[in-house]
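Report on the following structure.
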Amino acid sequence: SHDSFTFWVDVHAPVGPDQKAYVKYLATMFSVLAKKVMVKWSMTQNLTFREQLDAGIRYFDLRVSSKPSEPGSEIYFIHGLFGHKVVFLDFNHYYAMDAEHHVYLIHMLQQVIVFYHHPSAQGIPVMWPGNKIPAPWANTTEPNKLIQTQRPGKDGVNIITSDFVELTDFANIVIKLNNVLLSESECKPR
């Protein structure tokens with residue numbers, strides 16, 4: 001999902017540092033009215049994290065920021081306006097679990113693959129560099145241009161993101177694109 005955690009944004013928070021100067025200026029001049037307009041394009045998902053998981057989404061586009069005027073090191077999800085604070089998982093109490101349960105839990109956690117698009121993560125074994133997962137942003141709303149980016153396979157699209165993933169059966173539609181690759185490879189002479 002594109003801008004995965006924008007199902008809620010804070011209209012009372014400052015405009016994010018991801019916005020151009022003129023957007024920040026307009027928000028300063030027209031305050032809450034401008035931010036109410038910004039909410040309309042900042043919120044690109046209606047489903048919570050769990051609802052997206054239940055809908056089959058397995059790739060989350062996370063944009064994060066600190067609030068420059070706020071002391072401390074808190075991190076927030078962002079897309080024009082600030083959203084929820086970033087979630088950290090801290091497993092520190094275990095009940096009725098034997099070694100087999102721990103192995104199972106650790107295996108499940110290893111299914112989460114983190115791509116970190118910043119040099120700060122270099123050398124950290126559980127982080128993959130961002131260049132290992134090409135996810136080009138089409139940066140257009142023109143259908144013909146969007147369709148040209150939809151070639152699966154080698155030198156094609158690996159990641160497809162969408163706003164409002166609940167409007168269609170998005171995850172299944174994307175997964176079925178793999179069938180295109182399979183049928184094409186079966187038709188090619190060997």
Side-chain angles (χ1 to χ4, degrees), residues 1-90 109 111-124 126-142 145-146 149 157-168 170-171 174:
S1 58
H2 177 242
D3 291 316
S4 304
F5 290 95
T6 57
F7 52 86
W8 179 86
V9 291
D10 187 357
V11 72
H12 300 294
V15 173
D18 60 333
Q19 294 304 297
K20 295 187 180 341
Y22 71 88
V23 173
K24 292 177 186 177
Y25 173 76
L26 289 172
T28 302
M29 294 302 296
F30 300 105
S31 191
V32 176
L33 177 64
K35 289 181 185 176
K36 284 184 178 181
V37 171
M38 286 183 71
V39 165
K40 300 280 188 204
W41 56 264
S42 291
M43 292 177 68
T44 60
Q45 302 300 332
N46 288 322
L47 301 179
T48 66
F49 175 65
R50 180 178 177 152
E51 290 169 333
Q52 289 180 52
L53 282 171
D54 289 344
I57 302 303
R58 294 298 181 265
Y59 174 89
F60 295 95
D61 172 33
L62 307 177
R63 296 164 190 225
V64 295
S65 176
S66 66
K67 286 184 182 174
S69 61
E70 183 178 273
S73 301
E74 193 68 65
I75 302 291
Y76 297 85
F77 293 112
I78 189 170
H79 185 229
L81 296 171
F82 288 94
H84 290 287
K85 293 180 181 179
V86 173
V87 175
F88 294 93
L89 303 176
D90 178 10
L109 292 173
Q111 291 182 22
V112 176
I113 300 171
V114 178
F115 293 92
Y116 207 84
H117 296 255
H118 191 271
S120 300
Q122 282 182 325
I124 299 174
V126 296
M127 301 279 188
W128 287 64
N131 66 357
K132 296 293 183 185
I133 186 163
W137 181 39
N139 196 17
T140 183
T141 57
E142 294 181 37
K145 288 184 180 179
L146 288 170
T149 68
V157 176
N158 290 316
I159 302 295
I160 299 173
T161 59
S162 176
D163 295 346
F164 307 108
V165 295
E166 78 283 358
L167 297 179
T168 64
F170 179 73
V174 172

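Not measured: the values here are computed from a predicted model.
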**Item:** Closest non-hydrogen atom pair between Leu62 and Phe77, with its separation
**Value:** CD2-CE2, 3.9 Å

**Note, Asn46 side chain near Phe164 side chain (heavy atom, < 4.5 Å)** = yes

**Asked** Looking at residues at least two apart in the chain, or sitting in another chain, which of them share a side chain to side chain contact (heavy atoms under 4.5 Å, CB included) with Val126?
**Response** Ile124

**By ring-ring contact (aromatic ring centres under 6.0 Å, His included) - contacts of His84 (at least two apart)** = Phe7, Trp8

**Message:** Taking ring-ring contact (aromatic ring centres under 6.0 Å, His included) as the definition, give me every residue that meets it alongside Tyr59, ordered by chain and number, with sequence neighbours left out.
**Reply:** none

Under 3.5 Å, which donor-acceptor pairs do the side chains of residues 16-27 form with other protein atoms, sequence neighbours left out?
residue	atom	partner	partner atom	Å
Asp18	OD1	Gly80	N	3.4
Asp18	OD2	Gly80	N	2.9

**Complete:** In short, side-chain hydrogen bond (donor to acceptor under 3.5 Å, both in side chains) pairs touching residues 27-45 with sequence neighbours left out are Thr6-Thr44

**Item:** Exercise: identify the closest heavy-atom pair between Asp10 and Leu81
**Value:** O-CB, 4.2 Å

**Asked** Looking only at heavy atoms, which two atoms of Phe82 and Ser65 are closest? And how far apart?
**Response** CE2-OG, 3.9 Å

**Request:** Output all residues satisfying side chain to side chain donor-acceptor pair (under 3.5 Å) with Asp163, sequence neighbours left out; order by chain, then residue number.
**Result:** His2

**Request:** Taking ring-ring contact (aromatic ring centres under 6.0 Å, His included) as the test, write out the residues that go with Phe170, two or more places apart.
**Result:** none

**Message:** Rounded at 0.5 Å granularity, tell me how far CE in Met38 sits from CG in Leu33.
**Reply:** 12.0 Å

**Asked** How would you list all residue pairs meeting side-chain hydrogen bond (donor to acceptor under 3.5 Å, both in side chains) that involve residues 48-57, not counting sequence neighbours?
**Response** Ser1-Gln52, Thr48-Glu51

**Request:** Please collect all salt bridge (Lys or Arg N to Asp or Glu O under 4.0 Å) contacts where either partner lies in residues 59-78, sequence neighbours excluded, each pair once.
**Result:** Asp3-Arg63, Asp61-Arg63, Glu74-Lys85

**Item:** Sequence-distant partners of Phe115, ring-ring contact (aromatic ring centres under 6.0 Å, His included), two or more places apart
**Value:** Trp128

**Message:** Between Leu53 and Phe60, is there a side-chain heavy-atom distance shorter than 4.5 Å?
**Reply:** yes

**Request:** Could you list the residues that satisfy side chain to side chain contact (heavy atoms under 4.5 Å, CB included) with His118, not counting sequence neighbours?
**Result:** Tyr116, Ser120

